[in-house]
There are 2 protein chains.
Amino acid sequence: MTIKDVARIAGVSVSTVSRVLNGKDRVNPETRRQVLEKVKELNYVPNNLAVSMVKKKTKIIAVVVPEILNPFYAAVVKGTEEIAKSRGYVTLILLTNDNEKEEKDYYDGILNKYVDGIILVGSHKNSEFYQSIEKPTILVDRYIENSGKDGVVIDNMGGTYQLTEHLIENGHTDIAIINGIMDFNDGRERFWGFKQAMSMHNIDVHEKYVKPGNWFEENGYQSTKELLQSDHPPSAILACNNLICIGAIKAIRDLDLKIGEDISLVGFDDHDLAQFNRPSVTVIDRPTYEMGTNAADMLIDQVEANTSKPLNPKKVNLSVNLKVRESVKNLNQSKHISSTK
Amino acid sequence: MTIKDVARIAGVSVSTVSRVLNGKDRVNPETRRQVLEKVKELNYVPNNLAVSMVKKKTKIIAVVVPEILNPFYAAVVKGTEEIAKSRGYVTLILLTNDNEKEEKDYYDGILNKYVDGIILVGSHKNSEFYQSIEKPTILVDRYIENSGKDGVVIDNMGGTYQLTEHLIENGHTDIAIINGIMDFNDGRERFWGFKQAMSMHNIDVHEKYVKPGNWFEENGYQSTKELLQSDHPPSAILACNNLICIGAIKAIRDLDLKIGEDISLVGFDDHDLAQFNRPSVTVIDRPTYEMGTNAADMLIDQVEANTSKPLNPKKVNLSVNLKVRESVKNLNQSKHISSTK
DNA sequence: TTGAAAGCGCTACCAA
DNA sequence: TTGGTAGCGCTTTCAA
């Protein structure tokens, strides 16, 4: 069943059928009615492949993330898919496992296949790679300067700043930070936010309390153990993402210490365990779903405006949200701070 | 940059370029070398849209799931994507929110757009709907009889059977079950597994210990409370999925009771909390990732064999795995059963 | 308002 | 072994 068949059966030309289907040109109302009738009758649906070929637009966008089992990325995908759907697009999903090579291959192969645009949580560090992407692209979470692309990120610095200040307000000065890799803006900015807050309050950052590493649970677990088993353990730990925080919670439990009593803990990113644990853990919550929806809207705007390279790349910075719970001991009065949420 | 340009610059015909690129027909080695050289030089990549149009194959498969934030579905998506990728396909993701109408709309619109086949965790109950899908389709998790489609499911009955028997072996007879909706095979089979195990051991199922409901946490929470606050509370609870189990854990904690002491608990589906909780919770673990990989392989086999409708639809039943932990009290000797994992 | 026909970029058949 | 060419199913001029 092609447009030709419809035309033949309806007794009009192919062009006419095309016209009534696209509704742009004017067609005699009576002709239109008849054509529409046949279309319905024959259950005709245009072949999108052919349409795409002519229009050079596929109505497909790609979302490229390192991993889908991580709820953070899943939320980005969800946000993307829902906006895409509502605007008539579908979503291709690509998992890179944070493998630069794999990601690169996508661009040479898959991505210039079909898609109108790309939402990308990238694994590449150098801006040249991003510059070489021809299609409209929105960078999510990780932003690369001089990439020439728009981005949607969160206020990493503000997040750790708030977390650190919250600890300081509760009388903590011996604050340790367990961070992930600093290759991207996220790790770097989170560390800066911490340093900034410390310096604003004239508190020294002890070298031994700074634990860079990676974003995984094992790092959180090991670093916490080292910290707590050292000669002069900190009074509080700032875990820079959800997995590190989970590792920290487990380490503290395994050492038979009590969160909010023996050691205070705050984390970047909210997660089930932070809520479920007793005492619950104070965290910075970030709008992950909204990162997806924002990125998708920006992307589709670009696609439909035919602006593959924004003249002035812009970075949308979504604000984060401190969720005070029960994991910080108030040293000022030597008792727990009251929880708000 | 089209195949025409390459042909012109290489001084050969379009057909020849096509031949060397597809590598099926034989081409003079020297010609091939020259063409390949130009292809590389010009950085030419074929337009897949055009290829798809001619070949009537897009190398795109769709995975349709109710929700992506649920780790179970995320694992299915991950399994699908990885197999697809390794076999040269890409994956379109569609979220239905378990909304039948939304799902239906996909078939009328999006899905006959492009895709070669579909992996489907369906929301529809009636087999006619599935019969009407023209493309190769694999049903995952939920299987509908007479749908005419192949399926990949898990051994639901075996799962609850093992769970129940485990309780019985530990001396429990007052066993309650909190189940989800019974509209699909999953809820029904899980209930049957429970009944079967009880009857095999000649234990009566008390009406008041059977709690059907839905698959959400709230149901687990409320039902557990009702059960435990009743006149004659059960000694053990079987939670039929991850969310119900989480609800149960929270309810038990809120009632200040201790799992494995005051009340035994087992769950269908493994999840973070079941592992993290102390005592940890005995569960049935199911191979979710493998459901995705199996389904994707079956689907692509069908696509490449051009068999949109299998003559003898088959259902692949993946076995599940009891993970004994610490949440079941041994009533036989009135102390905890030792944990294995 | 309608129809004819060119063309989107490619594959595959038929001839040479 | 190669080249010419007819489509794939559609949109979009251009003329009528």
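In what follows, chains carry the letters A, B, and so on, assigned in the order in which the sequence lines appear, proteins first and then strands, with residues in each chain numbered from 1.
Residue Val27(A) has its side chain nearest to dT2(C) when only dG9(C), dG4(D), dT2(C) are considered.
Regarding Ile3(B), its CD1 atom lies at a distance of 11 Å from the P atom of dA12(C), rounded to whole Å. In this structure, Asp5(A) atom CG and dC10(D) atom C1' are separated by 13 Å, rounded to whole Å. In this entry the distance linking CZ of Arg19(A) with C1' of dC10(D) reads 13 Å, nearest Å. The separation between Met53(A) atom CE and dA6(C) atom P is 16 Å, rounded to whole Å. Lys4(B) places its NZ atom 12 Å from the P atom of dG4(D), with the value rounded to the nearest Å. If you take CZ of Arg33(B) and P of dT2(D), they are 13 Å apart, rounded to a whole angstrom. Atom NZ of Lys24(B) is separated from atom C1' of dT1(D) by 18 Å (rounded to the nearest Å). Regarding Gln34(A), its CD atom lies at a distance of 15 Å from the P atom of dT1(C), rounded to whole Å.
Distances shown here put every side-chain N or O of Thr16(B) at or beyond 4.0 Å from the OP1 or OP2 atom of dT2(D). Between Lys56(B) and dT11(C) there is no side-chain polar atom (N or O) within less than 4.0 angstrom of OP1 or OP2. In this model, the phosphate group of dC10(C) is not approached by any side-chain N or O of Ser18(B) to a distance below 4.0 Å at OP1 or OP2. The side chain of Thr31(B) contributes an N or O atom lying less than 4.0 Å from OP1 or OP2 of dT2(D). Not one side-chain nitrogen or oxygen of Asn48(B) sits closer than 4.0 Å to the OP1 or OP2 atom of dC10(C). In terms of phosphate contacts, Ser15(A) brings no side-chain nitrogen or oxygen within less than 4.0 Å of OP1 or OP2 of dT11(D). Between Tyr44(B) and dG9(C), a side-chain N or O to OP1/OP2 separation shorter than 4.0 Å is absent. Residue Asn22(B) places at least one side-chain N or O closer than 4.0 Å to OP1 or OP2 of dT11(C). A sub-4.0 Å separation between OP1 or OP2 of dG9(D) and a side-chain N or O of Thr2(A) is absent.
Using a 4.0 Å heavy-atom cutoff across all strands shown, Val14(B) reaches at least one base atom of the nucleic acid.
Between His124(B) and Tyr130(B), the two ring planes are perpendicular [angle over 60°; tilted spans 30° to 60°].
In terms of position along DNA chain C, the nucleotide closest to Leu49(B) lies nearer the 5' end than the nucleotide closest to the other residue of the pair Asp25(B) and Leu49(B). Comparing Lys55(A) and Val54(B) by the nucleotide of DNA chain D whose heavy atom lies nearest to each, the residue mapping closer to the 5' end is Val54(B).
Residues Tyr89(B) and Ile83(B) are not in side-chain contact: their nearest non-hydrogen atoms beyond the backbone lie 4.5 Å or more apart. Side-chain contact between Met53(A) and Asn47(A): absent, with no pair of heavy atoms (C-beta onward) separated by less than 4.5 Å.
Between Lys55(B) and Asp116(B) no salt bridge is recorded (no basic side-chain N to carboxylate O distance below 4.0 Å). Of the charged side-chain nitrogens involved, none lies within less than 4.0 Å of a carboxylate oxygen, so that Lys38(B) and Asp5(B) do not count as a salt-bridged pair.
At least one donor-acceptor pair closer than 3.5 Å links the side chain of Ser52(B) to the backbone N or O of Lys57(B).
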